[in-house]
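To keep things clear, I will list the structure first and then write my remarks on it.
Values reported hereafter were calculated over all heavy atoms of this structure, with side chains retained and with hydrogens, waters and symmetry mates removed. Lettering follows sequence order; numbering is per chain, from 1.
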2 protein chains.
Amino acid sequence: MDVIDKELSRAFRSKNIRMTRQRRAILGVLRSTDLHPTADWIYEKVREILPNISLGTVYRNLNILKEHELLRELNYSDEVSHFDGNAENHYHFICQNCKRIFDIDEPVDIQLDRRISSKTGFEIDHHRLEFYGICPNCKDLPY
Amino acid sequence: MDVIDKELSRAFRSKNIRMTRQRRAILGVLRSTDLHPTADWIYEKVREILPNISLGTVYRNLNILKEHELLRELNYSDEVSHFDGNAENHYHFICQNCKRIFDIDEPVDIQLDRRISSKTGFEIDHHRLEFYGICPNCKDLPY
DNA sequence: TTAGATGCAAAGGGTTTGCAACGTC
DNA sequence: GACGTTGCAAACCCTTTGCATCTAA
């Protein structure tokens, strides 16, 4: 937790945003999981550290951290927002059964942006790619 | 409107769902635009044809039509749902300035699903690809 | 010292839902 | 005639916000 703490302090200073206990706890919790959790899940986890924190504070900080590109917000069909402590663009797989979100270990295809850009005339900043299907866990489940 | 009407009747029959005036109008309106509109936009348009229709009916029907794969729902960051009368998988470009959604004329890369599937072990049904940037209209705007 | 952050609770806003009346097949 | 659908309005639920208090720098 010490290493993470230092890393977070550095992140906050580099973005010129004030480091509060709440903010550090929120980003710490998010960075300690690969579950791509919801605001409410993060709230419950942070409450184990700061029992008096409010859900409003969690939302406010998630938005601030997003604006400073210290995390990403993920929106999927029919779902509430999920948050990703990895702010770098990367691809995801969403299980259509259990709704879990997995990271895909595949480099982002920057060539694609250039190709589509010159083909269509749109000035492309980035793209977002998600795969949908059934994860190994759910595939083995009986009906 | 006659051709579209027949097409819609066929679509409804083929899916075994009852065809009501409201339902036909909703899908008709959606199929007559490439704006990828919101439920509220569709509601306002349908009201020009059926002034007494309620927003609840629009939502209910959009969900039913989505379940029967007669349209697609699109969710983007920080945004309300948009609906696409083209139920076939295809790619989109979203302008980060005006938020408009454009279709991308590019074949869906099915090889990609196979490649990622064998690489990761996930059973992939489909993928969703969106490009973000600035559209030609907004690029030319003064600041 | 002071601008920015917090906790609380209320408000917002898109979407869903219960119910009696209605319309489609 | 039976059952799915509608219109209406209220409820839902995630998220945002106003405000007095607090706190990091």
Legend entry - Partners meeting salt bridge (charged side-chain N to carboxylate O under 4.0 Å, His left out) with A:Arg72 (sequence neighbours left out): none
Inset, instruction - Output all residues satisfying side-chain contact (heavy atoms from CB on, under 4.5 Å) with B:Gln96, sequence neighbours left out; order by chain, then residue number. - result: A:Asp125, A:His126, B:Tyr132, B:Ile134
Inset, instruction - Could you tell me which residues satisfy side-chain contact (heavy atoms from CB on, under 4.5 Å) with B:Ser54, sequence neighbours excluded, listed by chain and number? - result: B:Thr57
Taking side chain to side chain donor-acceptor pair (under 3.5 Å) as the test, write out the residues that go with [X], two or more places apart.
X: B:Glu106; answer: A:Arg115, A:Lys119
X: B:Tyr59; answer: none
X: A:His82; answer: none

Inset, instruction - Can you label the angle between the B:Phe131 ring and the B:Tyr91 ring as parallel, tilted or perpendicular, going by 30° and 60°? - result: perpendicular
Legend entry - Close side-chain approach of B:Leu62 to B:Ile42, heavy-atom, < 4.5 Å: yes
Collect all protein-nucleotide pairs involving nucleotides 9-11 of chain C in which both atoms are nitrogen or oxygen and the distance is under 3.5 Å.
none

Legend entry - Overall bend - the helix from C:dT1-D:dA25 to C:dC25-D:dG1, comparing terminal axes fitted on five pairs, nearest 10 degrees: 50°
Legend entry - Protein-to-nucleotide contact annotation, 5' to 3' order, nucleotides 20-25 of chain D [B base; S sugar-phosphate only; - none; under 4.0 Å, heavy atom]: ---BBS
Inset, instruction - Output the single nucleotide from C:dT15, D:dG7, C:dG7 whose closest atom is nearest the side chain of A:Thr57. - result: C:dG7
Which part of the nucleic acid does [X] contact within heavy-atom distance under 4.0 Å: base, sugar-phosphate only, or nothing?
X: A:Asn52; answer: sugar-phosphate
X: A:Asn61; answer: sugar-phosphate
X: A:Thr38; answer: nothing

Legend entry - Qualifying salt bridge (Lys or Arg N to Asp or Glu O under 4.0 Å) pairs, either residue in residues 87-101 of chain B, two or more places apart: none
Legend entry - Phosphate OP1/OP2 of C:dT16 contacted by B:Asn63 side-chain N/O (<4.0 Å): yes
Inset, instruction - Kindly say whether, by distance alone, the side chain of B:Arg60 makes a donor-acceptor pair under 3.5 Å with the base of C:dG18? - result: yes
Legend entry - Pairs touching residues 5-50 of chain B that satisfy ring-ring contact (aromatic ring centres under 6.0 Å, His included), sequence neighbours left out: B:His36-B:His92
Inset, instruction - Apply ring-ring contact (aromatic ring centres under 6.0 Å, His included) to A:Phe83 and list each qualifying residue two or more places apart in sequence or on a separate chain. - result: none
